[in-house]
Amino acid sequence: MLDVKFIRENTELVRQGLLNKNSKDAVDEILAADDERKTIILKNDELKAKRNQVSSQIPQMKKAGQDTSVVFAEMKRVGDEIAMLDGQLRGVEEKLENILRYTPNLAHSSVPVGRSAEQNVEVRQWLPEGFSFKSDFKVLDHIELGKKHSILDFERGTKISGSGFPLYMGKGATLERALINYMLDIHLHEHNYLEIFPPILVNRESMKGTGQIPKMEDDMYFIEKDDLFPVPTAEVPITNIHRDEILAEKDLPIRYVGYSPCFRREAGSYGKDSKGFLRVHQFNKVEMVKFVKPEGSYDELEAMVKDAEDILQALKIPYRILMLCTGDLSFSAAKCYDIETWSPAENKWLEASSCSNFENFQARRANIRFRKEDKKIEYVHTLNGSGLATSRLMVSLLENYQTPEGKIIVPKALQKYTGFELIG
RNA sequence: GGAAAGGUGGCAGAGUGGUUGAAUGCGGCGGUCUCGAAAACCGUUGUUUGCGCAAGCUUACCGGGGGUUCGAAUCCCCCCCUUUCCGCCA
């Protein structure tokens, strides 16, 4: 959520920022609602102050045996007016809140301006030694590989749950588990995160806190009976750990990492990249979340990307880093890097991670603050990034590690986690 | 699923419808004492709205939402949550 005060003091900047994010310019609407709100508050607070003042004198009047009926009648009128203003105020605040909830965060000044994904900027590429985009043999895609070795069974997954619910079997299941454990261990022991194992069903407040609601509500699974949402990412429960809290400056930065399954309805994207793992309703992800002081947040973002890259380099999987342009940035993000891994069979890059700095946009929504040395209270900056999502990673892993005979070598780094070196 | 109890400040725990933001204790912070520390003692200690350069003034907040009243932490209604016991269960 943007700060109205900031909007008021930087109207042109905000206008341009919203345009850059392909959002409508709601500045005038916001300021008008805010003006209206302030006018009502001014008048209302005056009346309330009067009522409080008179009320405090009534006990003395009664003690002195004075007649209170005139005062009571007067205060009754004041009370009615307050009730009316309270009603108006609620209306305006609701209106303002509604506009703000649908107003996206502004991009950081270092983000390239652009309308869509085509204007994203490739920052760097990392390829393992001896890697070539052209293979000497006919590569199988991850679905064929999965079938050949009976490690992935999309048909039976569909039978059990529906399309987009992958079933891992045998060494496939072990490999998936190994990946998750490996990534967690690296982040814990080498990158200094604290491990979190969060609840997977969260309430409405939590979904609002991180901003999945209201804008993305259609994309979320929802358990109506209990008013709970299966999480679309561990970002939701982990960020909400500190919802409505005031953190101590000395505790920052806080760095959490946690694994969770992720559930997404992917409403409206049927038929697009839908085969196998490319777009699924349930997948596994290790997520990094940081709560930091504003001044260090962009350094923390770079560090977070590096933390995700470390995993890919250790696994020797080719990847590239994209800086998203303003038009492709998500609703809450001020800056975001996508990490894409190479799929030889698809002959394209697949998004396996997304690391974002939300600045204080999410913290405002979730009300996460910290107390500075001088006792002043300020919003923290929140960041999160996948470190990483296993589904797309698994595609790249299986395809890049296949041999000409169609067997799959387990990456060296994972072998002590799997207990085997070869599939097939 | 059945029964009961309860939700008050960082925590524990008072609170007769009227100077109650709220006793008291613990914790935190500052100080006295001490070579230093502990103990003891003294002081201090929430968030929030609006106005203001600021000091400050002001509004709201005792799980949430309504209601009664001149006035609600306190009375009434609805909802939510937590704890305990029983049942079921990985």
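Chain letters run A, B, ... following the sequence lines, proteins first and then strands; every chain starts at 1.
Look at B:rA22: it lacks any Watson-Crick or wobble partner with both distances under 3.5 angstrom. With both pairing distances under 3.5 Å, B:rA3 is matched to B:rU84 as a Watson-Crick or G-U wobble pair. B:rU68 is unpaired under the criterion used here, namely a Watson-Crick or G-U wobble arrangement in which both key atom distances are under 3.5 Å. Base pairing analysis places B:rA39 opposite nothing; no Watson-Crick or G-U wobble pair with both distances below 3.5 Å involves it. Using Watson-Crick or G-U wobble geometry with both donor-acceptor distances under 3.5 Å, B:rA73 finds no partner in any strand shown.
Minimum atom distance to the side chain of A:Gln60 is reached by B:rU19, of the listed B:rA60, B:rC70, B:rU19. The side chain of A:Lys48 approaches B:rU59 more closely than any other nucleotide in the set B:rC70, B:rG50, B:rU59. The A:Phe72 side chain lies nearest to B:rC70 when the options are B:rC70, B:rG46, B:rU59. Comparing atom distances between the A:Arg51 side chain and each of B:rA60, B:rU59, B:rU49 picks out B:rA60 as nearest. Among the nucleotides B:rU47, B:rC51, B:rG71, the one closest to the side chain of A:Arg371 is B:rU47.
B:rG9 and B:rG46 have their P atoms separated by 14 Å, given to the nearest Å. Spacing of C1' atoms, B:rC62 relative to B:rA12, comes out at 16 Å, to the nearest Å. Rounded to the nearest Å, the gap between the C1' atom of B:rA72 and that of B:rU19 is 16 Å. The same atom, P, is picked in B:rA14 and in B:rG7; the two are 8 Å apart, to the nearest Å. For B:rG21 and B:rU59, the P atoms lie 10 Å apart once the distance is rounded to whole Å. B:rA60 and B:rG64 have their C1' atoms separated by 15 Å, given to the nearest Å. Comparing the same atom, P, in B:rC89 and in B:rA73 gives a spacing of 48 Å after rounding to whole Å. When the P atom is compared between B:rG63 and B:rG13, the two are found 15 Å apart, to the nearest whole Å.
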Verdict with supporting geometry, A:Asp227 and A:Asn203, side-chain hydrogen bond (donor to acceptor under 3.5 Å, both in side chains): CA-CA 7 Å; A:Asp227 204 28; A:Asn203 60 30; over 6 Å; no
Intermediate values then yes/no, side-chain hydrogen bond (donor to acceptor under 3.5 Å, both in side chains), A:Lys335 and A:Ser356: CA-CA 6 Å; A:Lys335 184 169 184 172; A:Ser356 309; over 6 Å; no
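Between A:Arg369 and B:rU47 there is no side-chain polar atom (N or O) within less than 4.0 angstrom of OP1 or OP2. In terms of phosphate contacts, A:Arg90 brings no side-chain nitrogen or oxygen within less than 4.0 Å of OP1 or OP2 of B:rA60. Contact annotation: A:Lys38 side-chain N/O to B:rC51 OP1/OP2 distance is under 4.0 Å. The phosphate of B:rG50 has OP1 or OP2 within less than 4.0 Å of a side-chain N or O from A:Arg37. Contact between the side-chain N/O atoms of A:Asn44 and the OP1/OP2 oxygens of B:rU59 is not found at any separation under 4.0 Å.
By the 4.5 Å heavy-atom criterion applied to side chains, A:Tyr102 and A:Lys24 are not counted as neighbours.
Nearest-nucleotide positions on RNA chain B for A:Pro59 and A:Leu42 put A:Pro59 closer to the 5' end. Taking for each of A:Asp34 and A:Ser56 the nucleotide of RNA chain B with the nearest heavy atom, the 5'-most of the two is the partner of A:Ser56.
Rounded to a whole Å, the CD atom of A:Gln53 is 15 Å from the C1' atom of B:rG18. With rounding to whole Å, A:Lys376 atom NZ is found 16 Å from B:rU47 atom C1'. Atom CG of A:Asp45 and atom C1' of B:rU49 are 6 Å apart (whole Å). Distance A:Gln88 CD to B:rU49 C1': 17 Å, rounded to the nearest Å.
Cation-pi contact between A:Lys171 and A:Phe420: present, with separation from the ring centre below 6.0 Å and deviation from the ring axis of at most 45°.
Judged by distance alone, the side chains of A:Gln119 and A:Asp328 never bring a donor and an acceptor atom under 3.5 Å apart.
With hydrogens and angles disregarded, a donor-acceptor distance shorter than 3.5 Å links the side chain of A:Ser343 to the backbone of A:Glu346.
Under the 30°/60° scheme for interplanar angles, the aromatic rings of A:Phe331 and A:Phe361 are found to stand perpendicular.
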